[in-house]
Amino acid sequence: MRAPVRAFLVCVCMSAVAPHQFTEEEMQDVRQRIKGMFYHAYNSYLDNAFPYDELRPLTCDGQDTWGSFSLTLIDALDTLLVLGNQTEFQRVASLLQDTVDFDIDINASVFETNIRVVGGLLSAHLLSGRAGVELEPGWPCSGPLLRMAEDAARKLLPAFETPTGMPYGTVNLLRGVSATETSVTCTAGVGTFILEFATLSRLTGNATYEDTARRALRALWKTRSDIGLVGNHIDVVSKKWVAQDAGIGAGVDSYFEYLVKGAILLQDEELLHMFDAYDRALENYTRFDDWYLWVQMHKGTVSMPVFQSLEAFWPGLQTLLGNLDGAVRTFQNYYSVWRQFGGLPEFYSISQGYTVDKREGYPLRPELVESAMYLFKATADHTYLQLGLDAVESVERIAKTPCGYASVKDLRDHQLDNRMESFFLAETIKYLYLLFDPTNFLHSSGTESWVEGGEDGQCILSSGGYIFNTEAHPLDPAALYCCSRHGREQQELRDILLGLSHPAKEHSGRSKEPSLHGQSDSIALKAGERNTPPLLSCPVQPFSARLAVLGQVFTDNT
């Protein structure tokens, strides 16, 4: 395989040259350019496409794609706050409450609706306090955007009503799953729910969502091959693998991402154990010269010697886990492809060193910039800033139109496609801006914590960093901790009082373990009256950051 060696040599040469050191003034200038890109695309959407899902930048009009949700507006909402625009955030948050309705006769992707709509609304809800939105009592454990997110997620639940608990790919938001719906779903479409669904459960006290996501994850885990790999598409009824290509790219990518980020967000060792097992198998069977190929899931033989642009998230994930050496080398391979084309083609033949036929497009995806952001934060190496500047200049030169930014249909001749995916504003622009804004509040690891809201008015928020879902919507672990802690305390107090009232039933077999998410009104105190911790509970402690610089995930319980 000559191309991997060639690409690796290119990377060695790149790393041997000292990168340009960006000054703060230069970084500020780039941030302003990125803001200009955002508002050119955002205003074009509002002027030409709203309330449709997406902008068509070549014809200056709109279209519905993944449903009919004004999807670009939902996806862009938290990016507004990242850029510092509280006024527009407040306006759009109110507008969405008035205009978006999920009781519609639409067939929607379960996966896309979850990561873009549920994830976007949850993130906006959790950022509302920082955005100056007027908060209702009990926030962040309640609020209108949270109710919208739960309404959207509730519409997805019928898809999970299968013998295995793994979901169908599409659901009608009004009528449920069609009798003619295919039972074949991609792996990512099964394993990419734990972040949003667990967040919903921890905030609302309704365990249904997290339980549903966990059931699907555990069912998928049991289908792995004897050599520890999963394929690309599975029949969610029979558990039979329909597409048996194993890799880290399209159809699989966010499954692995959610095992890692779910482990961090929820401090969950089961999820980390699953990922570690997959990671060992992937290293053994799919990694060649710091590229990750596609192999047959049962035999480990190479089936597709290609790199897919969606795989570019992997160095960022490795960085989260502290595997900086592997992350840097793999990123350099991917960056060499970027420099060859001014973007990442959807498929790149590693053996031929060129694009794959009919896969030459570049829909302005964010994954390589996402990895650059994580690696810059971990290493302070300005090579990653240079990639960011390359991306800004490339997108401006190739994809900009009078009505926004268009997907690149073919990187070889820069033909454009009449579509601007919502992830351009949700992810690509956000990660570019965060790359050049290392002091942004989303990079905080507890240095900007603040007290607000909650059932007792004492939620300590933004104290453990943020976890991004696969659509770059940030989730605050501290809010989950605060709301679920309140539920546990309420349940603990209830159990104690019931035990005092019925001492004979103390050993009746009913579990004394407090519900993780259960949240009910206290039987002894009215809402808002509890000013002291409940009996026998530990004093409230702030949620602390648990990620070390090199990615330690768990601390002990001492």
Side-chain angles (χ1 to χ4, degrees), residues 66 108-120 153 156 159-160 162 164-171 181-198 212-225 228-236 239-263 265 271 274-275 277-279 281-282 286 292 294-295 297 304 306-314 316-317 320 346-347 363 365-367 370-371 421-423 426-427 467-473:
W66 297 110
S109 164
V110 180
F111 170 83
E112 299 289 353
T113 303
N114 176 59
I115 66 171
R116 303 193 197 209
V117 177
V118 178
L156 304 181
F160 292 83
T162 64
T164 63
M166 295 187 285
Y168 290 101
T170 302
V171 65
E181 175 66 24
T182 177
S183 58
V184 176
T185 303
C186 71
T187 305
V190 173
T192 309
F193 295 90
I194 191 63
L195 291 185
E196 297 84 3
F197 277 30
T212 298
R214 285 187 182 276
R215 185 184 177 213
L217 280 176
R218 288 165 178 160
L220 186 57
W221 168 250
K222 292 177 182 177
T223 66
R224 66 196 187 282
S225 69
L229 297 172
V230 289
N232 199 278
H233 282 75
I234 190 170
D235 188 309
V236 300
K239 297 187 290 187
K240 178 181 178 181
W241 283 101
V242 177
Q244 299 186 3
D245 296 304
I248 62 171
V252 185
D253 49 355
S254 55
Y255 170 43
F256 297 137
E257 179 185 3
Y258 271 41
L259 292 178
V260 173
K261 291 182 175 180
L265 180 72
L271 301 180
M274 289 179 180
F275 177 79
Y278 284 129
D279 194 31
L282 290 167
T286 72
Y292 289 81
W294 290 83
V295 303
M297 65 177 288
M304 290 191 296
V306 300
F307 158 64
Q308 299 179 354
S309 63
L310 283 169
E311 297 173 16
F313 83 101
W314 191 257
L317 200 66
L320 274 177
E346 292 287 72
F347 281 31
R365 291 197 186 278
E367 283 77 17
E370 174 187 6
S371 287
E421 289 246 27
S422 68
F423 61 64
E427 299 184 79
I467 301 297
F468 293 94
N469 86 337
T470 197
E471 191 78 3
H473 295 306

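In this structure, the separation between CD on Glu421 and CZ on Arg365 is 6.5 Å, given to the nearest 0.5 Å. Atoms NZ and CZ, from Lys261 and Phe256 in turn, are 15.0 Å apart once rounded to the nearest 0.5 Å. The structure places CD of Glu370 at 8.5 Å from CZ of Phe468, a figure rounded to the nearest 0.5 Å. The distance from atom CD of Glu367 to atom CG of Leu310, rounded to the nearest 0.5 Å, is 5.0 Å. Residue Glu112 holds its CD atom at 9.0 Å from CZ of Phe423, rounded to the nearest 0.5 Å. Separating the CG atom in Asp279 from the CG atom in Leu317 is a distance of 8.5 Å, to the nearest 0.5 Å.
Counting all heavy atoms, side chain and backbone alike, Thr223 lies closest to Met297 at O-CE, 4.3 Å. Across all their heavy atoms, Ala250 and Asn232 have their closest contact at O-ND2, 2.9 Å. The nearest pair of heavy atoms linking Glu196 to Ile115 is OE2-CA, 4.0 Å. Heavy atoms only, all atoms of each residue included: Val306 and Glu311 are closest at O-OE2, 4.0 Å. Taking both residues in full, the closest heavy atoms of Lys239 and Thr164 are given as CG-CG2, 3.3 Å, listed atom of the first, atom of the second, then distance. The minimum heavy-atom distance between Leu156 and Val110, with the atom names listed, is CD1-O, 3.8 Å.
With no hydrogens or angles considered, no side-chain donor-acceptor pair links Tyr292 and Gln308 at under 3.5 Å.
In this structure a side-chain-to-backbone donor-acceptor pair under 3.5 Å is present from Thr185 to Pro167. Formation of a donor-acceptor pair under 3.5 Å by the Asn469 side chain with backbone atoms of His473 is found in this model. For Arg215 (side chain) and Thr212 (main-chain N/O), no donor-acceptor pair under 3.5 Å exists by modelled atom type. Between the side chain of Asp253 and the main chain of Trp314, no donor-acceptor pair closer than 3.5 Å is present. Panel note: side chain Thr192, backbone Gly189; no donor-acceptor pair is recorded below 3.5 Å. Of the possible polar contacts, none joining the Ser183 side chain to the Asp235 backbone as a donor-acceptor pair under 3.5 Å is found.
Across Tyr255, Phe160, Tyr258, a single residue satisfies ring pair (Phe, Tyr, Trp, His ring centres under 6.0 Å) together with Phe193, and that is Phe160. The only option from Val252, Thr286, Ile248 that meets the side chain to side chain contact (heavy atoms under 4.5 Å, CB included) definition with Trp294 turns out to be Val252.
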Item to check | Evaluation steps, ring pair (Phe, Tyr, Trp, His ring centres under 6.0 Å), between Trp66 and Phe111 | outcome: CA-CA 10 Å; Trp66 297 110; Phe111 170 83; 8.5 Å; no

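Side-chain atoms of Trp241 and Ser225, non-hydrogen and from C-beta on, never get closer than 4.5 Å to each other. Residues Thr470 and Phe313 are not in side-chain contact: their nearest non-hydrogen atoms beyond the backbone lie 4.5 Å or more apart. Using a 4.5 Å heavy-atom threshold, the side chains of Glu471 and Ser422 count as touching. The closest side-chain heavy-atom distance from Leu217 to Leu259 is below 4.5 Å.
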